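Everything numeric in this text was worked out from a predicted model, so none of it was measured. Computed from heavy atoms alone, side chains included, the values below leave out hydrogens, waters and symmetry copies. Just so you know, ligand 1 is whichever comes first in the structure, and atom 1 is the first atom listed for that ligand.
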Amino acid sequence: MPELGTLEELPLDYRNGLTANNLVPLWPNLRAALPYDIPSRRTRPMVWHYADIRPRLLQAGELTPIEKAERRVLVLANPGLGLENMQATPSIYIGMQLILPRETAPNHRHSPSAVRFVVEGEGGFTVVEGEKLPMEKGDLILTPSGLWHEHGHAGAGPVVWLDALDLPVVYSLEASYCLDGKPQTVRNQPDASQTRYRRAGLLPYTALSRPRNAYPLRRFPWKETRAALLDLAGVTDANEIVQLAYVNPETGLECLPILGFSAIMLRPGETIRPSRRSASAVLHVVEGEGEAQIDGVALTWGGQDTMAVPTHARVEIANRSTTRPAYLFQVDDAPMQRKLGFYEEFQG
Ligand code: GTQ
């Protein structure tokens, strides 16, 4: 490989002339922009323990009324990317949101897409375009780009969910913005998308003679996902990963354009070693405990903990229990990378 010229080798008046004209020589920066073999990554492999988040989130409930917060969220920020940038990975924003009984997180819509994955509590709900969606632990709720959404809590005790947004991507494109709305009129058809698209392989008949819906299914109940994983485990070889993708039932493709969502079951005593891949990811523990090695960094995880996986990382995840399965919810940016044509899985 030839040595490339450095900035310092260039005469000072030449460099000053470049700067004065808003010009930059590529060659001193070329290797940084296009490193050989593997991207340079600032994202740190890491875990946020729910035991560290939960008391601080509840404290936020006392310190900051919902009217002063709009969304009462503690953001899981990866220190490798700068805490102020609110990125768990370069493309994935993750927040833990708290809503207390009778509070409302007011109606709005924005250009980034969001999902909610319920962490604890009962009685929470999200209204998406007039449809009231119940939020039970482990449920995945979609609030895609541009759709009106507001949250409420009709039960007792705190409700916490994980927000995953493609905000870092949309923000970096200088395309992130929000519109404020009046409270929605709730239609008398709660959870209708779940009712219409109840089972894989069955669609409302009219779907066949019209263009595909962008976001037909808005709630994926955990009860169904968990049962489907258990069933899938019964027909999956020991050397294969038990993993289900959340998809748009009308297209069979990822349910949002930038971020992808899936659920993984680790069988009792199982260690999985997924192929190294170009996508970054976040893993949230629904149930179980164990260890992980992410690019050689050893992490310990338990219920409701959340981990960051950099692009191109070597990943190993072990279920510590030899009697019970563990369940993980995964967010990744593979849908965006596939669309842009550079998604890769590597052997070795
Ligand atoms: O609940 O709509 O964590 O708009 C960040 C931005 C949650 C929300 C976040 C949001 C929301």
Side-chain angles (χ1 to χ4, degrees), residues 48 50 53-54 56-58 60-61 63-78 81 83-121 123-136 139-154 158-184 186 215 218-219 255-259 261 282 284 304 306 308 329 331 333:
W48 292 265
Y50 192 53
I53 301 171
R54 189 177 191 276
R56 292 174 172 89
L57 196 51
L58 293 178
L63 294 170
T64 307
I66 195 73
E67 297 76 23
K68 292 248 175 195
E70 220 171 280
R71 300 294 190 263
R72 192 190 289 111
V73 175
L74 293 179
V75 179
L76 279 55
N78 194 302
L81 298 167
L83 292 181
E84 69 285 3
N85 294 318
M86 302 198 296
Q87 294 161 298
T89 78
S91 58
I92 305 173
Y93 161 103
I94 298 288
M96 283 282 182
Q97 180 161 175
L98 168 70
I99 187 160
L100 295 168
R102 291 174 304 284
E103 285 184 340
T104 307
N107 190 31
H108 72 186
R109 62 192 183 110
H110 38 70
S111 49
S113 288
V115 302
R116 330 288 162 182
F117 190 85
V118 183
V119 174
E120 70 162 291
F125 61 88
T126 294
V127 182
V128 182
E129 298 278 320
E131 185 172 312
K132 188 171 175 178
L133 309 171
M135 300 175 90
E136 288 169 24
D139 288 359
L140 178 69
I141 309 280
L142 307 188
T143 57
S145 174
L147 301 197
W148 292 107
H149 58 279
E150 63 194 274
H151 315 294
H153 183 359
V159 164
V160 177
W161 62 74
L162 179 147
D163 293 313
L165 280 78
D166 52 19
L167 180 64
V169 175
V170 182
Y171 183 80
S172 73
L173 299 177
E174 296 189 350
S176 177
Y177 78 103
C178 179
L179 294 175
D180 219 14
K182 291 199 257 303
Q184 296 176 57
V186 177
Y215 313 114
R218 290 166 183 178
R219 184 172 80 99
C255 47
L256 290 180
I258 294 179
L259 298 184
F261 312 96
V282 165
H284 174 77
Q304 289 66 59
T306 305
F329 171 65
V331 181
D333 59 4

Hey, what polar pairs (N/O, under 3.5 Å) does ligand 1 make with protein?
from	atom 1	to	atom 2	distance (Å)
ligand 1	1 (O)	Arg71	NE	2.8
ligand 1	1 (O)	Gln97	NE2	3.2
ligand 1	1 (O)	Arg116	NH1	2.9
ligand 1	1 (O)	His151	NE2	2.8
ligand 1	2 (O)	Arg71	NE	2.9
ligand 1	2 (O)	Arg71	NH2	3.4
ligand 1	2 (O)	His108	NE2	2.9
ligand 1	2 (O)	Arg116	NH2	3.3
ligand 1	2 (O)	His149	NE2	2.9
ligand 1	3 (O)	Tyr93	OH	2.8
ligand 1	3 (O)	Asp163	OD2	2.8
ligand 1	4 (O)	His108	NE2	3.1
ligand 1	4 (O)	His110	NE2	3.0

Using the ring of each side chain (for Trp, its six-membered ring), is His284 parallel, tilted or perpendicular to Phe117, with breaks at 30° and 60°?
perpendicular

Should the pair His149 and His151 be assigned to parallel (<30°), tilted (30 to 60°) or perpendicular (>60°) ring geometry?
tilted

Any side-chain heavy-atom pair of Asp163 and Val73 under 4.5 Å
yes

If you define the side chain from C-beta out and look only at heavy atoms, does anything of Trp148 sit under 4.5 Å from Val127?
no

Ring pair (Phe, Tyr, Trp, His ring centres under 6.0 Å) with Tyr93: which residues, sequence neighbours excluded?
none

Would you say Thr64 and Arg72 are linked by a side-chain donor-acceptor pair, where the criterion is simply a distance under 3.5 Å?
no

